[in-house]
Amino acid sequence: MLEEFIIQGKTKLKGRIRINGAKNSVLKLLTACLLTDQPMTLLNVPHVSDVFSMLQLLEVLGSNAHFANDQINIVTPQIISETAPYEFVRKMRASIGVLGPLLARHKKAIVSLPGGCSLGARAVDIHLNSLTAMGADIHLENGYIHAKGDLKGATLNFHFPSMGATENVMMAATLAKGTTIIHNAAREPEIVDLANMLCQMGAQIQGQGTSTIEIQGVDQLKGTKYTTLSDRLETSTYAMAALITEGEIDLYNTKEEFLSDIKTYIKGAVIQNYGDYIKVSGKIEDVANITTAPFPGFPTDLQAPTMTLLTQAPGMSTIHEALFENRFTHVPELIRMGAKIEIKDRTAYIYGKTPLYGAPVMATDLRAGIALVLAGLVAQGETRIKRIYHIDRGYAHLVENLTACGADIKRAPQEADQIHAQG
Ligand code: EPU
């Protein structure tokens with residue numbers, strides 16, 4: 001059954017929120033569990049639909065998993081299928097993260113090509129070229145990547161610091177013969193998290209968090225218990241909820257460094273570190289000019305919610321989206337709520353400060369969806385957000401968290417989608 005969020009806006013949020021484990025970390029930690037036949041335990045796991053999708057895929061491949069509270073116990077005694085079917089990969093692109101582990105442990109993998117998505121073309125050439133350079137025999141057939149062979153170390157120069165490719169290659173290299181060096185590797189905190197867990201499993205990795213990662217292959221990896229890094233994107237999203245409503249939210253189970261982009265770009269944000277929690281208060285007082293970039297640049301995943309916040313800045317702000325060709329689908333929806341935004345090529349011009357008002361709108365992807373939630377919180381009147389299954393992919397306990405801070409938001413069965421205007 002489809003559901004929608006119904007938000008009555010204009011409440012100043014005040015309260016405390018416990019940040020969940022990072023979706024973009026735990027999805028890769030889960031695929032890394034395929035690298036060993038020993039039991040693994042993951043803690044601080046968020047209850048988001050992408051985690052459930054990943055568990056379903058891993059069960060097809062041979063894992064037995066149990067997920068209760070924020071803990072997953074998972075073991076893969078043997079790989080019973082090397083095929084990641086289209087229906088899983090189509091639903092969740094992170095499924096391509098099983099390619100490296102399957103190939104490393106099982107010497108064979110058949111993984112559906114993810115294809116493009118609502119954000120853009122999203123090539124996988126770096127994944128495939130790197131594994132080929134490591135000795136895999138790869139060909140594409142009927143929409144699937146067929147890979148097989150014994151992996152050996154290689155020196156790789158990525159043409160872009162892709163997160164997914166860095167993760168896939170790092171996992172594959174842990175069990176390859178010899179040393180793999182990745183130049184121009186991704187540096188995101190989630191990469192460091194994955195490398196740290198792999199090291200706890202017995203892998204030999206150095207340089208994680210820098211542009212050059214070196215992995216010395218080992219014969220086997222062992223099971224371990226590991227606590228997932230907290231979600232930096234969720235941390236910033238709730239900070240923006242405090243700022244846009246001119247409220248005050250205490251964020252627990254997170255780190256101050258996750259708010260560095262807000263500190264840099266959002267003048268008027270007050271961020272106070274009280275040790276076990278970070279208090280965010282203040283309001284947006286100035287415009288900003290932002291270009292998204294791989295870490296440590298401004299995250300593309302915060303582009304949409306930041307745009308909502310910038311509708312409340314005094315004057316014209318700009319956001320240039322440099323990572324994805326098509327990540328502005330929230331703009332027409334924000335405009336329907338009263339925002340004044342123009343797009344030229346891959347730059348959005350946001351003219352603030354505009355009052356927002358409630359409207360029926362539609363989430364088109366995860367971060368576009370959360371941008372609409374922020375808009376609903378500050379809008380006059382009622383906002384109904386349809387297709388919230390996108391938001392459920394990455395924000396656990398959203399309604400509970402916002403309600404605890406005084407927001408008026410509820411989940412309800414979605415009224416039927418309107419037929420789109422034709423012609
Ligand atoms: N790219 C290539 N060739 C490749 C791989 C990537 O050209 O082989 C290009 C892509 O086309 C894209 C850019 O590199 O333009 C970035 O892609 P990357 O591989 O870094 O992204 P990803 O691993 O597919 C992860 C996150 C995304 C996040 C991006 C960028 C997960 C599960 N997904 O995707 O998160 O936007 O990194 O930071 O970790 C989200 O959480 O909403 C989300 C979309």
Side-chain angles (χ1 to χ4, degrees), residues 20-32 46 48-51 53-54 57 88-89 91-100 111 113-133 138 140 145 156-171 182 184-194 211 228-229 231-237 261 291-306 321-327 329-330 346 363-371 389-396:
N20 294 285
K23 166 191 83 96
N24 287 352
S25 201
V26 77
L27 292 176
K28 330 309 167 55
L29 300 182
L30 280 168
T31 63
V48 293
S49 62
D50 271 10
V51 167
S53 302
M54 182 59 83
L57 171 59
F88 289 97
V89 185
K91 207 163 140 197
M92 189 183 57
R93 296 184 52 88
S95 310
I96 196 167
V98 302
L99 177 62
V111 177
L113 270 169
C117 75
S118 59
L119 310 184
R122 302 190 75 170
V124 289
D125 57 312
I126 308 173
H127 301 245
L128 303 189
N129 293 342
S130 303
L131 293 171
T132 302
I138 297 185
L140 305 180
I145 303 160
L156 307 163
N157 294 294
F158 285 6
H159 68 74
F160 185 88
S162 154
M163 271 189 89
T166 303
E167 291 153 354
N168 240 334
V169 168
M170 199 163 66
M171 290 189 279
I182 310 175
N184 200 23
R187 290 182 276 166
E188 275 74 0
E190 294 78 16
I191 302 281
V192 178
D193 206 33
L194 174 61
S211 294
T228 313
L229 179 76
D231 197 316
R232 64 193 164 101
L233 304 166
E234 194 191 27
T235 303
S236 291
T237 302
D261 298 301
T291 296
T292 62
F295 190 85
F298 191 92
T300 173
D301 292 339
L302 289 181
Q303 179 257 106
T306 306
E321 172 53 62
L323 262 79
F324 294 112
E325 305 91 296
N326 185 28
R327 209 173 193 181
T329 53
H330 46 286
R346 278 159 70 165
T364 45
D365 67 65
L366 168 59
R367 309 297 170 188
I370 204 69
Y389 54 84
H390 288 295
I391 304 173
D392 291 335
R393 293 183 61 177
Y395 288 89

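All residue numbers refer to positions in the sequence shown, counting from 1. Indexing begins at 1, ligand by ligand and atom by atom, following the structure's order. Computation of the quantities below employed the complete heavy-atom set of this structure, encompassing side-chain atoms and omitting hydrogens, waters and symmetry-equivalent molecules.
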If you define the side chain from C-beta out and look only at heavy atoms, does anything of L99 sit under 4.5 Å from V111?
yes
So which residues, sorted by chain and number, lie with a heavy atom under 4.0 Å of ligand 1?
K23, N24, K28, A94, L119, R122, A123, V124, D125, I126, H127, H159, F160, S162, M163, G164, T300, D301, L323, F324, R327, L366, R367
For the residue pair N168 and K28, establish whether any side-chain heavy-atom pair is separated by less than 4.5 Å.
no
For the NZ atom of K23 and the CG atom of L366, what is their distance to the nearest 0.5 Å?
5.5 Å
Qualifying residue for salt bridge (charged side-chain N to carboxylate O under 4.0 Å, His left out) with D50, from K91, R393, R93:
R393
What verdict does the side chain to side chain contact (heavy atoms under 4.5 Å, CB included) test give for E188 and I191, after you've listed the backbone C-alpha separation in whole Å, the side-chain angles of each residue and the deciding distance to 0.1 Å?
CA-CA 5 Å; E188 275 74 0; I191 302 281; 4.1 Å; yes
Is a side-chain N or O of N20 found less than 3.5 angstrom from the main chain of P46, in a donor-acceptor match?
no
